[in-house]
Trainee: 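One structure is given below, represented as C-alpha cells, and several questions about it will come after.
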Amino acid sequence: MSVPYKIEVSEELLLGSSSGEQPRASARIPIIARSFVSDRAKKTLDIIEKFVEEECIPADSLYAQQIGGGSVEERFSARPPILDDLKKRATELGLWNMFLPKNHFTQGAGFSNLEYGLMAEYLGKSHIASEATNCAAPDTGNMEVFAKYGTEEQKEMWLKPLLAGEMRSAFLMTEPDVASSDATNIELRIEKQGNEYVLNGSKWWSSGAGDPRCKIYIVMGKSDPKNTNLYKQQSVIFVPADTPGITIKRMLSVFGFDDAPHGHGHLIFENVRVPAGNMCLGEGRGFEVIQGRLGPGRIHHAMRSIGAAEKALEYFLARMNDPRKKPFGKQLFEHGIMLERVAHSRIEIDSCRLTVLNAALMIDSKDAKFALKEIAEAKVLIPDMLLKVLDRAIQAYGGAGVCQDTPLANMWAHGRTMRIVDGPDEVHLVQLGRNENKRGKWLLEKIEWQKKKSEEMARSYGFEKKDVLELNRQHSKAKL
C-alpha cells in the first residue's frame, strides 16, 4: 500500500526555514558524544528527525481519531490505517529495529546503544513513532529476551515475526495482590506436570495485552517456592496469547487514558497449559532473564523521555510567543519568570541527555550489568526532569494545558508512570544509596588521616595546627 499523502523529499528539513531555525539533528549531537557516532548513524538521525517531525507528529491526532470513541471492545480491536502506512514508510526509509545494539545482537539495524539513544529521543516526541519504526515497548525488551535467551525454535516462532512487525507481545510480571516492586513476592504458580507447565494466578499492568496483534506473553512466575534461595524460586516462560485458560479481565487506565488499542491488561490464568519447551533458559533462572531485559528497557524509556521533554519545551516556547496571548498587556516571553523557567528547562534537558548518553556508552563498552549504576541514575533522574518541564509548559497554557487541546496532559500522565515502571524510584534510590555508602568507612578513615597529616605538616613548618579564624577575645576576665 502506498502512503495516501504526498511526501516531499528535499535537502533541508521543514524545521528551520525561518528565523530561529535549528541545525539538523546530526549537527546537534553533544560534542562529547560525536566521536562515538558513525556517519551512517548521523545520516539516519537526520532522516528520523524529518520522519518524526513531518509525518509522525502530524499523524498522532489522526491515529487517535481512527481508534474512535466506541465501546471498550471496539477501541481495543482497532487497527488505525495510518499506523500501517507509517510503518511502510519507515521501512522504505530504513528506519526499522534500530534498538538492537550491534555489539550484542546481529538481528538489528547495526547501531550502538548510544546511537540509538540519540534516535530514540526523536521517537519520544511522537505517540506513534516508536511503533511505526518497530521500536516500541514492550516489544523492544521482549525481542531482546528472545534474541539473548531464546532457543533457535523459539526465535523462529516468535522473534522472527516480532522483528518483522507482524505481531506484538507483552511482558507479564507485576501482580495485583502483592508488592511487585520486590519481585521475590511474585505468586503466579508455574508447576511442571509431565511435558507441560501449568500456570495459575493473575497479572496486571500487562502493557500491550489489549491489542489483538499481541500473540505472545513473556510471563514470570514462581516455579520453586520452597527453594531456600529467594532468587532461584522464579522462572520465565513463553505463553501464546491464545492459550486456553487466559482471560483478559479488564484494561487499566493511566490517569484516565486507556492507551487503546494496546493498553495495559489485568489477566487471569486458570490452569493454563504450555509445552515444557517454552521455558526460558531453565527453571529458577527468572531473575537472570528479567534483569537482562529490564536494564536496556529502563534506558530506552529514559531516551524517549528526553524527546518528550524537548517537545514540552517546544510547546512552552510556542505559547510564550503567541501574539494572541498577552496577560497584563505583555506576551509571556516579556515576563521574566517565564524566561527563567525556560532557562531551567534547557539546562535540565541538556544535563539529563548527557546522563542518558553516558549510560548508553557504558552499556556499549560491555553490557547492561556493567552499567547498573548509570542506568539507575538515568531511570530516576530523567522522569523527574520530564515532569518538571511538562509542569512549566502546562502552567503556561493554563486551562488549555490540562485538556485535550494540547498533548501536554497526556504526556504528563505517561511521564508520571515512568517513576513506577521497570522498578519504582525508591528501589533504585535505595540501591544507589546503599552502594554509595559502601565507601563511607573508607572515606571516614581517609578524612581522619588527612587531618592528622595536616597537623604533621604544620609542625614541620614550625606551626601548631589551629583555626585560622581563632580569636579568643575577652573583654575582661571573670572574677574568681
Trainee: Please tabulate, for the side chains in residues 415-425, all donor-acceptor contacts under 3.5 angstrom to protein atoms that are two or more places apart in sequence or on a different chain.
Mentor:
residue: Thr417; atom: OG1; partner: His414; partner atom: O; Å: 2.6
residue: Arg419; atom: NE; partner: Asp425; partner atom: OD2; Å: 2.6
residue: Arg419; atom: NH2; partner: Asp425; partner atom: OD2; Å: 3.3

Trainee: Does a sphere of radius 6.0 Å around CD1 in Ile31 hold more than 12 heavy atoms from other residues, nucleotides or ligands, not counting ones at 6.0 Å or beyond?
Mentor: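 No.
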Trainee: Run the salt-bridge test on Asp39 and Lys43 with the 4.0 Å N-O cut-off and return the result as yes or no.
Mentor: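 Judged by the 4.0 Å cut-off on N to carboxylate O distance, Asp39 and Lys43 do not form a salt bridge.
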Trainee: Is a donor on one side and an acceptor on the other found under 3.5 Å between the side chain of His335 and the backbone of Pro327?
Mentor: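 A pair under 3.5 Å: yes.
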Trainee: Look at the side chain of Asn358 and the backbone N and O of Leu354, then say whether any donor-acceptor pair between them is shorter than 3.5 Å.
Mentor: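 Not at all, since once roles are kept as given, no pair shorter than 3.5 Å links the two residues.
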Trainee: Does a side-chain heavy-atom distance below 4.5 Å link Val37 with Leu114?
Mentor: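 They are in contact (side-chain heavy atoms under 4.5 Å apart), so the answer is yes.
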Trainee: Report yes if the side chains of Ser365 and Phe370 come closer than 4.5 Å at any heavy-atom pair, otherwise no.
Mentor: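 Heavy-atom side-chain distance check passes, below 4.5 Å.
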Trainee: Does the side chain of Asn472 come under 3.5 Å of the side chain of Glu470 through a donor N or O and an acceptor N or O?
Mentor: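 Yes, a side-chain donor-acceptor pair sits under 3.5 Å.
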Trainee: Are any side-chain N or O atoms of Arg353 and backbone N or O atoms of Pro30, one a donor and one an acceptor, separated by less than 3.5 Å?
Mentor: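 Such a contact is absent between Arg353 side chain and Pro30 backbone.
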Trainee: With a 3.5 Å distance limit and no angle check, can you tell me whether Tyr397 reaches the backbone of Tyr315 through a side-chain donor-acceptor pair?
Mentor: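 Side chain of Tyr397 to backbone of Tyr315: a pair is present.
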Trainee: Are the side chains of Glu144 and Tyr149 in contact, using a 4.5 Å heavy-atom criterion?
Mentor: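 No, too far: nothing below the 4.5 Å cut-off.
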Trainee: Take atom OH in Tyr231; do more than 12 heavy atoms of anything else shown fall under 6.0 Å from it?
Mentor: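 No, OH of Tyr231 has 12 or fewer neighbouring heavy atoms, counting only those of other groups under 6.0 Å.
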Trainee: Which heavy-atom pair separates Gln234 from Ala183 by the least distance, and what is that distance?
Mentor: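 Residues Gln234 and Ala183, closest heavy atoms: NE2-O, 4.0 Å.
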Trainee: For side-chain contact (heavy atoms from CB on, under 4.5 Å), just list the numbers for Asn97 and Cys135, CA-CA rounded to whole Å, side-chain angles, deciding distance to a tenth of an Å, and then say yes or no.
Mentor: CA-CA 6 Å; Asn97 293 336; Cys135 292; 5.6 Å; no
Trainee: For Asn142 and Arg168, does a side-chain donor sit closer than 3.5 Å to a side-chain acceptor?
Mentor: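 No donor-acceptor contact under 3.5 Å links the two side chains.
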Trainee: For Ala179, does its backbone N or O pair with a side-chain atom of Asn185 as donor and acceptor, under 3.5 Å?
Mentor: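 Yes, because the side chain of Asn185 sits within donor-acceptor range (under 3.5 Å) of the backbone of Ala179.
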Trainee: Give the C-alpha distance, both sets of side-chain angles, the deciding distance and a yes or no for side-chain contact (heavy atoms from CB on, under 4.5 Å) between Asp177 and Ser202.
Mentor: CA-CA 8 Å; Asp177 299 322; Ser202 62; 4.1 Å; yes
Trainee: Verify, without hydrogens or angle tests, whether Lys203 (side chain) and Met220 (backbone) share a donor-acceptor contact under 3.5 angstrom.
Mentor: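 Checking the backbone N and O of Met220 against the side chain of Lys203, a donor-acceptor pair under 3.5 Å is found.
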Trainee: Do the charged groups of Asp46 and Lys50 touch, with an N to O distance under 4.0 Å?
Mentor: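 A salt bridge is absent here (no side-chain N lies under 4.0 Å from a carboxylate O).
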Trainee: Within the side chain of Trp412, is there an N or O that forms a donor-acceptor pair under 3.5 Å with the backbone of Leu390?
Mentor: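 Not a single qualifying donor-acceptor pair exists.
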Trainee: Would Glu374 and Lys379 count as a salt bridge (charged side-chain N to carboxylate O under 4.0 Å, His left out) if you check the C-alpha gap in whole Å, the side-chain angles of each, and the deciding distance to 0.1 Å?
Mentor: CA-CA 9 Å; Glu374 290 75 17; Lys379 171 65 176 67; over 6 Å; no
Trainee: Say whether Gln431 and Asn435, considering side chains only, have a donor N or O and an acceptor N or O under 3.5 Å apart.
Mentor: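 Looking only at side-chain atoms, Asn435 and Gln431 do form a donor-acceptor pair, the distance falling under 3.5 Å.
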Trainee: Decide whether Ser38 and Glu115 meet the rule of one side-chain donor and one side-chain acceptor closer than 3.5 Å.
Mentor: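 The criterion, which ignores hydrogens and geometry beyond distance, is satisfied for Glu115 and Ser38.
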Trainee: What class does the angle between the rings of Trp205 and His264 fall in, given that below 30° is parallel, 30 to 60° is tilted and above 60° is perpendicular?
Mentor: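 Taking His264 first and then Trp205, their aromatic rings sit tilted (interplane angle of 30° to 60°).
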Trainee: Report yes or no: is the cationic atom of Arg40 (NZ for Lys, CZ for Arg) under 6.0 Å from the centre of the six-membered ring of Phe111, at an angle within 45° of the ring normal?
Mentor: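 Judged by the rule, Arg40 and Phe111 form a cation-pi pair.
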Trainee: Between the side chain of Asp60 and the main-chain N/O of His127, is any donor-acceptor distance below 3.5 Å?
Mentor: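 Side chain of Asp60 to backbone of His127: a pair is present.
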Trainee: Using a strict 4.0 Å threshold on nitrogen-to-oxygen distance, state whether Arg213 and Glu131 make a salt bridge.
Mentor: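 Salt bridge between Arg213 and Glu131, a charged N being under 4.0 Å from a carboxylate O: yes.
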Trainee: Within 45° of the six-membered ring axis of Phe316 and under 6.0 Å from that ring's centre, is NZ or CZ of Arg392 located there?
Mentor: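 That pair does not qualify as a cation-pi contact.
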Trainee: Could you check, using the six-membered ring where one of them is a Trp, whether His262 and Phe76 have ring centers closer than 6.0 angstrom?
Mentor: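 When the ring centroids of His262 and Phe76 are compared, they turn out to be at least 6.0 Å apart.
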Trainee: Quick one: does any side-chain atom of Gln291 pair with a main-chain N or O of Glu288 as donor and acceptor, under 3.5 Å?
Mentor: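 A pair under 3.5 Å: no.
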Trainee: Please find the pair of heavy atoms, one from Ala164 and one from Asn134, that lie closest to each other, and give the distance.
Mentor: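 In terms of heavy atoms, the two residues are closest at N-ND2, 4.5 Å.
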Trainee: Before accepting this row, confirm whether a basic side-chain N of the pair Lys369/Asp367 lies closer than 4.0 Å to the acidic partner's carboxylate O.
Mentor: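 Salt bridge: no.
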Trainee: Is a donor on one side and an acceptor on the other found under 3.5 Å between the side chain of Ser454 and the backbone of Gln450?
Mentor: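 No; judged by distance alone, with no hydrogens or angles, the pair does not exist.
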Trainee: Report yes if some heavy atom in the side chain of Ser126 is under 4.5 Å from a heavy atom in the side chain of Glu53; otherwise report no.
Mentor: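 No; the side chains remain at least 4.5 Å from each other.
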Trainee: For the CG atom of Leu86 and the CD atom of Glu55, what is their distance to the nearest 0.5 Å?
Mentor: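 Rounded to the nearest 0.5 Å, the CG-CD separation comes out at 7.0 Å.
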Trainee: Could you go step by step and tell me if Arg319 and Lys325 meet the side-chain contact (heavy atoms from CB on, under 4.5 Å) rule?
Mentor: CA-CA 8 Å; Arg319 179 70 165 197; Lys325 306 295 182 178; 3.4 Å; yes
Trainee: Apply salt bridge (Lys or Arg N to Asp or Glu O under 4.0 Å) to Glu445 and list each qualifying residue two or more places apart in sequence or on a separate chain.
Mentor: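 Scan of Glu445 (salt bridge (Lys or Arg N to Asp or Glu O under 4.0 Å), adjacent residues dropped) gives none.
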Trainee: Does the distance from a Lys or Arg side-chain N to an Asp or Glu carboxylate O, for Glu448 and Lys451, drop under 4.0 Å?
Mentor: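 Salt bridge flag = yes for Lys451 with Glu448.
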Trainee: Name the one of Glu54, Glu314, Glu49 that satisfies salt bridge (charged side-chain N to carboxylate O under 4.0 Å, His left out) with Lys125?
Mentor: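 For Lys125, the salt bridge (charged side-chain N to carboxylate O under 4.0 Å, His left out) test succeeds with only one of Glu54, Glu314, Glu49, which is Glu314.
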Trainee: Roughly how far, to the nearest 0.5 Å, is the CZ atom of Phe257 from the CD atom of Gln404?
Mentor: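 If I round to the nearest 0.5 Å, the distance is 9.0 Å.
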Trainee: Is atom CG of Leu443 surrounded by more than 12 heavy atoms (other residues, nucleotides or ligands) closer than 6.0 Å?
Mentor: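 More than 12 heavy atoms, drawn from other residues, nucleotides or ligands, come within 6.0 Å of this atom.
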Trainee: Taking all non-hydrogen atoms of both residues, which atom of Asp139 and which atom of Ser169 are closest, and how far apart?
Mentor: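 Taking Asp139 first and Ser169 second, the nearest heavy atoms are OD1-OG, 2.6 Å.
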Trainee: Show the atom names and distances, to 0.1 Å, of all donor-acceptor pairs under 3.5 Å that link a side chain in residues 99-106 to residues at least two apart or in another chain.
Mentor:
residue: Asn103; atom: ND2; partner: Asp364; partner atom: O; Å: 2.7
residue: His104; atom: NE2; partner: Lys366; partner atom: O; Å: 2.8

